Number of protein chains: 2
Amino acid sequence: MAVTIKDVGKVANVSPSTVSRVLANHPKISEATKRKVREAMEKLGYHPNLQARSLVVKSTNTIGIVMPNSAELALENPFFPEVLRGISLKARESHYGIYLTTGASTDEIYQEVVQMVQGKRVDGIILLYSKTNDYIMDYLLKEQFPFTVIGRPFINAERITYVDNDNIYITKQITDYLLGLGHTRIAFVGANMEMVYTIDRLQGLQQSLEQAEVSFDERFVVYDTQLKNGMKEQFSKLLQDPHPPTAIVAADDFVAIELISYAEDLKIAVPEDISIVGFNNIIIGKYIKPSLTTVDINIYQLGVEAAKYLLQLLKEDDFVPRRITVPAKIVERKSCCRKTM
Amino acid sequence: MAVTIKDVGKVANVSPSTVSRVLANHPKISEATKRKVREAMEKLGYHPNLQARSLVVKSTNTIGIVMPNSAELALENPFFPEVLRGISLKARESHYGIYLTTGASTDEIYQEVVQMVQGKRVDGIILLYSKTNDYIMDYLLKEQFPFTVIGRPFINAERITYVDNDNIYITKQITDYLLGLGHTRIAFVGANMEMVYTIDRLQGLQQSLEQAEVSFDERFVVYDTQLKNGMKEQFSKLLQDPHPPTAIVAADDFVAIELISYAEDLKIAVPEDISIVGFNNIIIGKYIKPSLTTVDINIYQLGVEAAKYLLQLLKEDDFVPRRITVPAKIVERKSCCRKTM
DNA sequence: CTGAAAGCGCTTACAG
DNA sequence: CTGAAAGCGCTTACAG
């Protein structure tokens, strides 16, 4: 049997209540008894049972993290470890633990979230993504359970605290950059229209083109659903257009790197024949040839802020929902150049 | 206030004990009352409080995962998400949750582990790494707390259930492969001697050389500590040897890709001038030029097995420690070729 | 087949 | 400054 507050009390000759109070470092306990009790704890190797504590104080000191479903290989990309590092930092500072969903499908995740919430496993939740149609977010909202999200909520954003890049703005910037290099036929490859950030980025792209009075070509948007038939095939199809794109904004660095690889196979030079930019600034982007021009969205900071505000929200009664914008910046390397023809 | 077992009992006109029993689907409760109680639950939107349950049954249905410290960028590489996918699968099947350490230093992690264990937050633990000198593992052993580890424990291996590749064998194989291509001066770059898998791989390399009666050159082992002064510098230093290596076994694909990049900068052709192999088979390895020859250590499966046996160990009283070996295989691509000179 | 009682290991008004 | 008592929401012998 584990040693309990009772055992400690017996050894220290005080009541369990007193032991509990020195545990909480209650100010009204005399230093003398505190010392006495602490010695007894030490001697017995006492450690509080957090479950029991949680049950009465109605708080677990742990935050739940909802990941996109692990069946999709979304996890292959380094977003997750990086965002987790950020969340960990803040959680640790406040002595919070981290509980993870493991679901492989949205339904499974939903079940787990209900369990976390109703089963009182966590005090608050961080949603690591924002989709257009998310009944998990709806549920949390309905239950008025504390949560923050990474990404802009598609609906009810005004009632939710979330952390996001300014995806519209940054994509407008990167498009302006390509425009500045003389490109006018710019494709967007790997669009997942369920994700709100894709919607925003696409809008940023369009805004940029509009402002430059360059027409936007719908055929130049390649959706991730199409990619499932083979990215290489879709890519070469894209290039067979009578007026093919001369620049590509890829959904992320992985897509960008894959495209660069296919370009080589197809004897198309990057960046001379086609310029390519990615998103996320994964480490490897620096080492491939040509090195990858990309947008650093500061994933770590996204995690830090999401955790920071969740913790704040948990503490303050009058917390008002807010939007936190994490700056993104263009990392210019060698995968883009001036349009040659 | 949340709805409790008492509320349900009141509505269904039964005692709380009975409600608890239908929750556990106790066989001796009549179908009639089961139905009645379930209706009441439904009506009230009842969900069991898992904390309360855990307190009495002394089991949390959650497993703790101890990561290498998040301060090191170890997490940048996709090992973590991938192993987590594997663990998740098994955890989910058995309705176990996942609790994560967040520590940035070994000491912090140790504190968290003690909390997890003593605070009764988890039923068992998976250690995601094995180091030569690990007081966390010692602690778990001393406490006789259930755990499995990914990687070979440096000591007490016979008392511990662990999942590992046969690192000696697979590295012997990959070295044999390089030997077969005519290479005799083979370097090992990025050795972290704290990690047991490095020790094993180095041994595999030596075994292969020994067997081929090729002498092993200590200077050809480049430690990660040296790498901190700049991998590029260490690499060019290595190549300035009067008899430089013609092949490199890199600690992982990241190191391999970085080396390939530096080789290009230094006007050294890969694989013509130097052959390079990595470990892990990260997705991107397929897309870089030259595509990367590597060892697929089957990270996902490592996670699956670690979770599977932890769960088994939690269930069975007479579980005996065992070693599970996950097969690794060489993925031959284009970063190695026959020695030219 | 079901209920009353005790208990899991804590915390926290209440009283002194 | 400290203790006795009640209670957090469950489970589980024990008894009938």
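Order of the sequence lines sets the chain letters (A, B, ...), proteins ahead of strands, with each chain counted from 1. Everything quoted here is computed from the prediction, not taken from an experiment.
Rounded to an integer number of Å, the gap from CG of L50(A) to P of dG9(C) is 14 Å. Going from atom NZ of K6(A) over to atom P of dG3(D) covers 15 Å, rounded to whole Å. D7(A) places its CG atom 9 Å from the P atom of dG9(C), with the value rounded to the nearest Å. If you measure from atom CZ of R121(B) to atom P of dC8(C), you get 21 Å, rounded to the nearest angstrom. A straight line from CG of L23(A) to P of dC10(C) spans 8 Å, rounded to a whole angstrom. What separates CG of N25(A) from P of dT11(C) is a distance of 13 Å, to the nearest Å. If you take NZ of K28(A) and P of dT12(C), they are 14 Å apart, rounded to a whole angstrom. Here the C1' atom of nucleotide dT11(C) and the NE2 atom of H26(A) are 12 Å apart, to the nearest Å.
Residue-level contact check: S17(A) touches the bases, meaning some heavy atom is under 4.0 Å from a base atom. At the heavy-atom level, S20(B) lies under 4.0 Å from base atoms of the strands shown. The residue S30(B) sits close only to the backbone: its heavy atoms come under 4.0 Å of sugar-phosphate atoms, none of a base. Counting any heavy atom pair closer than 4.0 Å across all strands shown, S54(A) reaches no nucleic acid atom.
Candidate nucleotides dA5(C), dC10(D), dT11(C) were compared by shortest atom distance to the side chain of V56(A), and dT11(C) ranks first. Taking the side chain of I5(A) as heavy atoms from C-beta on, and the options dC10(D), dC8(D), dT11(C), the nearest nucleotide is dT11(C). Residue R53(B) places its side chain closer to dC10(D) than to any other of dA4(D), dC10(D), dC1(C). Taking only side-chain atoms of Y46(A), from C-beta outward, the nucleotide of dA5(C), dC14(C), dC10(C) with the closest atom is dC10(C). The side chain of T33(B) approaches dT2(C) more closely than any other nucleotide in the set dC10(C), dG3(D), dT2(C). Taking only side-chain atoms of R21(B), from C-beta outward, the nucleotide of dG3(D), dT12(D), dC10(C) with the closest atom is dT12(D). The side chain of K58(A) approaches dG9(D) more closely than any other nucleotide in the set dG9(D), dT2(C), dG3(D).
The number of heavy-atom neighbours closer than 6.0 Å to CD of Q144(A), taken from other residues, nucleotides and ligands shown, is 12 or below. Within 6.0 Å of atom NZ in K10(B), 12 or fewer heavy atoms from other residues, nucleotides or ligands are found, so the atom counts as exposed in its surroundings. No more than 12 heavy atoms of other residues, nucleotides or ligands shown are found within 6.0 angstrom of CD on E42(A). Residue N133(A) places its CG atom among 12 or fewer non-hydrogen atoms of other residues, nucleotides or ligands, all under 6.0 Å distant.
Between T4(A) and the phosphate of dG9(C), there is no side-chain N or O to OP1/OP2 separation shorter than 4.0 Å. Residue T18(A) places at least one side-chain N or O closer than 4.0 Å to OP1 or OP2 of dG3(D).
When side chains are defined from C-beta on, I63(B) counts as touching I126(B), because their heavy atoms get closer than 4.5 Å.
Comparing L55(B) and K34(B) by the nucleotide of DNA chain C that holds the closest heavy atom to each, the one mapping nearer the 5' end is K34(B).
Distance CZ/R53(A) to CG/L55(B): 14.0 Å, rounded to 0.5 Å.
dC14(D) is paired with dG3(C) under the criterion used here, namely a Watson-Crick or G-U wobble arrangement in which both key atom distances are under 3.5 Å.
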